[in-house]
There are 2 protein chains.
Amino acid sequence: MIDPDGPVPLYRQLADLIVARIEAGELQPGRPIPSVSRLQQEYGLARGTVLHAVAVLVEEGWVQVVKGRGTYVLPR
Amino acid sequence: MIDPDGPVPLYRQLADLIVARIEAGELQPGRPIPSVSRLQQEYGLARGTVLHAVAVLVEEGWVQVVKGRGTYVLPR
DNA sequence: GCCCATTTGTACGTATGTATG
DNA sequence: GCATACATACGTACAAATGGG
């Protein structure tokens, strides 16, 4: 899934992966994506790296973050 | 503010700048200086460079670092 | 109102790889 | 070779918001 040795930064790879899961319909609008801790475990990444990926997704309009609750997929 | 082309290393320039802000009373004893991320943004520097500058300030007795909280101006 | 678990936000410490002068 | 600087990444710690019991 994620290639730690490739030229693409891990946070970018993770962001792309989540987008793919959204586009595949696995993660649906209005529903939360896995929590930061969950993503950390799932992909074996550090917290900072996951947060970086989420920040990218917010910037690109894929998700919306609600502090204390979760990160939600936006409608398209 | 900071001159990337001058002979003075950026971390040294930043350290001097923060000292100036302390001496001007803008940053007060017992209060935190801007975070590493904040300083990165404010001055357009890399994380490592900011950390280097903070390390200099610690060495010179200007500030005290508290992990997870911030970097505080010491009383003089 | 109070505690507690969950979740996101912020922050510092350290390390590695790359590039430049 | 060395110092400087940037980007990335992991680790850890503390803070704030939410929701359930």
Assign each of A:Pro9 and B:Arg12 the nucleotide of DNA chain D bearing its closest heavy atom; nearer the 5' end lies the nucleotide of B:Arg12
Would you please name every residue forming a side chain to side chain donor-acceptor pair (under 3.5 Å) with B:Gln64, sequence neighbours left out?
none
Return each pair, listed once, that meets ring-ring contact (aromatic ring centres under 6.0 Å, His included) where at least one residue sits in residues 10-33 of chain A; pairs must be two or more places apart or across chains.
A:Tyr11-A:His52
Any B:Thr71 side-chain N or O less than 4.0 Å from OP1/OP2 of C:dA11
no
Mind listing the closest non-hydrogen atom pair of B:Pro29 and B:Pro75 along with its distance?
CB-CA, 3.9 Å
Please state how far atom CG in B:Leu57 lies from atom C1' in C:dG13, giving the value in whole angstrom units.
16 Å
For the pair made of CG in A:Leu10 and C1' in C:dA15, what is the distance, rounded to whole Å?
14 Å
Whole Å only: how far is the NE2 atom of B:His52 from the P atom of C:dC12?
17 Å
When you measure from the side chain of B:Gln13 to the backbone N and O of B:Asp3, does any donor-acceptor pair fall under 3.5 Å?
yes
Roughly how far apart are A:Leu17 CG and A:Ile22 CD1, rounded to 0.5 Å?
11.0 Å
B:Pro34 and side-chain contact (heavy atoms from CB on, under 4.5 Å): which partner among B:Leu39, B:Ile18, B:Val50?
B:Leu39
For DNA chain C, find the residues of residues 25-49 of chain A with a heavy-atom distance under 4.0 Å and give them by number; none if there aren't any.
A:Ser35, A:Val36, A:Arg47
Taken to the nearest whole Å, CG/B:Leu51 to C1'/C:dT16 is 15 Å
Show every salt bridge (charged side-chain N to carboxylate O under 4.0 Å, His left out) that has at least one partner inside residues 64-73 of chain A, sequence neighbours left out.
none
Salt bridge (charged side-chain N to carboxylate O under 4.0 Å, His left out): pairs with one or both residues in residues 8-19 of chain A, sequence neighbours excluded:
A:Arg12-A:Asp16, A:Arg12-A:Glu60
Bounded by its outermost nucleotides with an atom under 4.0 Å from a heavy atom of chain B, the footprint on DNA chain D reads D:dT4 to D:dA15
